[in-house]
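What you are looking at is a predicted structure, and each value in this text was computed from that prediction instead of being measured. Reminder, nothing fancy here: chain letters follow the sequence lines and each chain counts from 1.
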Amino acid sequence: MSGKKEDFVPIIPGQAGMYVCGITAYDVCHLGHARSAVVFDIIKRYLRYRGFKVTHVRNITDIDDKIINRAQKEGVSYDVVAKKYTEEYYRDMEMLGVSRADIEPNATDHIKEMIDTIKGLIDKGYAYPVGGDVYFEVSKFPDYGKLSKKNVDDLMAGARVEVDERKRSPLDFALWKSSKEGEPWWESPWGKGRPGWHIECTAMSSKYLGESFDIHGGGADLIFPHHENEIAQSEALTGKQFVTYWMHNGFITVDKEKMSKSLGNFFTIKEILEKYEPEVVRYFLLTSHYRSPIEFSDVQLTESELSIDRYYSTVTRIKDFLETAGAADKPGAYAELEKILSSFKDKFHHAMNDDFNTASALGFIFELIREVNKYLDSKPSGQKAKDVILKTRELLAEAGGVLNIFNKTPEEWYRSLMKVKKLDLSEEALLRRIADRQEARVQKDWAKADAIRKELEEKGVLLEDKKDGTRWKVKAG
RNA sequence: GGCGGCGUACCCAAGUGGCAAGGGGGAGGUCUGCAAAACCUUUAUCCAGCGGUUCGAAUCCGCUCGCCGCCUCCA
């Protein structure tokens, strides 16, 4: 609300109530929807990791003009459309490692709560019915505009031509809309109709999180009017502060412009997952701070893929080391690595405590990656060396766990890459060629060995000769 | 027009007034049958520009330029 970073002080110590605006289920989701979901998934995971008991509510708007339009176009009932795209949404989110919210309410399951809320607002004089509609009277709520930092006069000056002359002011917004012929409807004290968009969040958040709660999130485009209107409705009704912390994620851009339905410059999650591994997409979304705009491009996705590959290459080295390390007590120069290890958690927490700075947190992860590689290059052995490496693995897993990335085995990562890159090569055929090449290498037939390596590289597989055999990986990037 | 944000190397990107993280790329090197991976060195005397505050500013203030967003449905 202050527009600045603030320390998190929950209403109930140790707990956090978080409401995040989900989607309107009228079409498939694009990357922008994914960003919002991933960002708040991380926020929830981190708060839990730090010991907060988080109640996460994420709504689905399943009744609205766009849904009705789509249903009419397709000649089906509105709930068929809503159900279809809700399912698509959950499928996309699961791919991206977004966990389910604790409560995922649909608007249409809360018509009664909404009607009660609207009745309350009318009783208190903040809303008025006209015909079958009910509007919220903005002029009755003096704080209107406090979140978006707009003032009512400016809004009035900029108001577009108003079609509905029954409204007392162009700024007044609908709490309840009477239904037109052929539209879905619910019975209400004002006749047959359906709820306005903003009221569901007020009714459902108070039902599940109380009249006042800690965090309310969503995309930056929801600040006005959606969240402003929620504040007006909620605080008018209860007289209490609605939300302590408002958090809004920035946009995905394409050629610097906001990715959006209306501009038509969007990429659906499904399209992107045709070309990129889901973890790549999630990682990409974490490489910038959540409030900054992030430019969507193949170059950036490819770099993300390379970064992840670097991570898994190191995991492979760690695994190889732990399996083959000798007993000879030669711990080598571990001081530097130990230094990084001992400060890693603090740095990671510090980054995440600072408004969930995932980009900075990733930086620390790669700093640790470099140090452990350096240490492994020194060819250490013995128990001390193993302990240090085990500690490294544990810390990497912990950080990756919070961000819900880096949690595959390298084998899973390469198989997944193989699939998404549609390699014209089965794992069996690949292993056969590696065996062929090994034979050639034993014969010191370097020409043949190199030819096989080249052949596989052209198919998208890279070979790395190690002391005890050859490793393969799918060429990233 | 009102309100808000952004501008850091070849690209992406973090940066809480005190020697400019991290990733990708480039150049050189170590290792290797040759590679790859990994590591090392190097690639911003400087953070859009100009002023100001300060012992000290990418970080605070002012102005200028450029880009973007919200003000209408929108993650």
Side-chain angles (χ1 to χ4, degrees), chain A residues 3 5 20-24 26 29-40 64-66 145 148-151 153-155 157-161 197 217-226 228 248-253 256-263 266 283-284 287-289 291-295 297 299-300 302-311 313-314 316-317 347 350-351 353-355 357-378 441 444-447 449-450 453-454 457 462-467 470-473 475 477:
Chain A
K5 286 188 248 188
V20 182
C21 289
I23 54 152
T24 298
Y26 78 105
C29 292
H30 64 241
L31 194 59
H33 300 99
R35 185 177 195 188
S36 178
V38 167
V39 161
F40 289 100
D64 141 289
D65 289 347
K66 292 193 290 292
S148 54
K149 299 184 174 53
K150 297 178 186 305
N151 71 64
D153 292 340
D154 290 340
L155 286 169
R160 312 288 165 102
V161 180
W197 175 34
D221 44 5
L222 296 180
I223 295 171
F224 190 91
H226 184 53
E228 200 66 71
H248 294 99
N249 62 278
F251 302 128
I252 307 272
T253 58
K256 295 270 175 94
E257 278 186 317
K258 178 187 174 187
M259 180 184 285
S260 73
K261 265 325 221 311
S262 41
L263 285 171
F266 60 91
Y283 179 92
F284 164 70
T287 56
S288 291
H289 187 265
R291 279 186 282 106
S292 306
I294 181 168
E295 172 79 7
S297 75
V299 173
Q300 292 317 309
T302 301
E303 285 188 6
S304 293
E305 188 173 291
L306 287 167
S307 296
I308 297 172
D309 197 63
R310 175 168 161 78
Y311 182 94
S313 293
T314 304
T316 301
R317 288 193 78 187
K347 288 182 183 168
H350 189 259
N353 287 346
D354 186 12
D355 200 17
N357 195 333
T358 52
S360 175
L362 290 173
F364 294 129
I365 289 177
F366 280 98
E367 188 180 66
L368 179 51
I369 289 287
R370 190 186 59 233
E371 281 309 321
V372 71
N373 271 316
K374 194 165 151 185
Y375 180 59
L376 289 171
D377 273 359
S378 75
R441 291 185 71 217
K444 296 209 188 305
D445 184 352
W446 306 123
D450 290 353
R453 186 167 65 198
K454 190 144 187 272
E457 182 174 349
L462 295 179
L463 299 187
E464 295 176 7
D465 295 328
K466 305 275 175 160
K467 281 239 154 30
T470 298
R471 281 206 170 269
W472 64 272
K473 57 199 260 183
K475 193 175 173 181

Answer whether the closest heavy-atom distance between the side chains of [X] and [Y] falls below 4.5 Å.
X        : Y        : result
A/Val39  : A/Arg291 : no
A/Met259 : A/His33  : no
A/Asp450 : A/Arg453 : yes
A/Asn249 : A/Val38  : no
A/Glu295 : A/Gln300 : no

Donor/acceptor link under 3.5 angstrom from A/Glu303 side chain onto base of B/G23 |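 A donor-acceptor contact between them is present.
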Which value, in whole Å, describes the distance between the [atom1] atoms of nucleotides [N] and [M]?
N     : M     : atom1 : result
B/G15 : B/A21 : P     : 14 Å
B/A27 : B/G62 : P     : 45 Å
B/A13 : B/A44 : C1'   : 14 Å
B/U8  : B/C46 : C1'   : 9 Å
B/G51 : B/C47 : P     : 12 Å
B/A14 : B/C71 : P     : 25 Å
B/G22 : B/A9  : C1'   : 14 Å
B/A75 : B/C6  : P     : 24 Å

Could you state the atom-to-atom distance from [atom1] of [X] to [atom2] of [N] in whole Å?
X        : N     : atom1 : atom2 : result
A/Leu222 : B/U72 : CG    : P     : 14 Å
A/Leu263 : B/C70 : CG    : P     : 8 Å
A/Met259 : B/G69 : CE    : P     : 13 Å
A/Asp154 : B/U72 : CG    : P     : 12 Å
A/Arg291 : B/G15 : CZ    : P     : 9 Å
A/His289 : B/U16 : NE2   : P     : 10 Å
A/Lys256 : B/C67 : NZ    : P     : 10 Å
A/Lys258 : B/A75 : NZ    : P     : 8 Å

Choosing from B/C68, B/C73, B/G24, which nucleotide comes nearest the side chain of A/Leu306?
->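 Output: B/G24.
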With both distances under 3.5 angstrom, what nucleotide forms a Watson-Crick or G-U wobble pair with [N]?
N     : value
B/C55 : B/G18
B/A37 : none
B/C3  : B/G69
B/C10 : B/G24
B/U32 : none
B/A48 : B/U64

Base, sugar-phosphate alone, or nothing: which one does [X] contact when heavy atoms must sit under 4.0 Å apart?
X        : result
A/Phe251 : base
A/His350 : base
A/Lys150 : base
A/Ile252 : base
A/His248 : nothing
A/Gly219 : sugar-phosphate
A/Gly250 : base
A/Lys66  : sugar-phosphate

Could you tell me whether A/Lys466 atom NZ has more than 12 heavy atoms of other residues or ligands within 6.0 Å of it?
->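 More than 12 heavy atoms, drawn from other residues, nucleotides or ligands, come within 6.0 Å of this atom.
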Just wondering, more than 12 heavy atoms not from A/Lys475 lying within 6.0 Å of its NZ?
->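 It does not: A/Lys475 NZ has 12 such atoms or fewer within range.
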May I ask you to decide whether A/Asp154 forms a salt bridge with A/Lys149, counting only side-chain N to carboxylate O separations under 4.0 Å?
->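 No, this pair does not count.
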Phosphate contact (B/A75 OP1 or OP2) by A/Lys261 side-chain N/O below 4.0 Å |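 Checking B/A75 against A/Lys261, no side-chain N or O comes under 4.0 Å of OP1 or OP2.
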Is A/Asn357 near enough to B/G15 that one of its side-chain N or O atoms lies under 4.0 angstrom from OP1 or OP2?
->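 Yes, because at least one side-chain N or O of A/Asn357 sits under 4.0 Å from OP1 or OP2 of B/G15.
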Protein-to-nucleotide contact annotation, 5' to 3' order, nucleotides 28-38 of chain B [B base; S sugar-phosphate only; - none; under 4.0 Å, heavy atom] = -----BBBBSB
Closest non-hydrogen atom pair between A/Thr287 and A/Ser304, with its separation |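 Answer, listing the atom of A/Thr287 first, then A/Ser304: CG2-OG, 4.3 Å.
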Evaluate side-chain hydrogen bond (donor to acceptor under 3.5 Å, both in side chains) for A/Lys66 paired with A/Thr24, printing each intermediate quantity in order.
-> CA-CA 8 Å; A/Lys66 292 193 290 292; A/Thr24 298; 4.9 Å; no
Map A/Ser292 and A/Tyr26 onto RNA chain B by nearest heavy atom, then report which one ends up closer to the 5' terminus.
->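 This one resolves to A/Ser292.
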Pick the nucleotide of RNA chain B nearest each of A/Val299 and A/Asp221; which residue has the one closer to the 5' end?
->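 Checking each residue's closest nucleotide, the 5'-ward one belongs to A/Val299.
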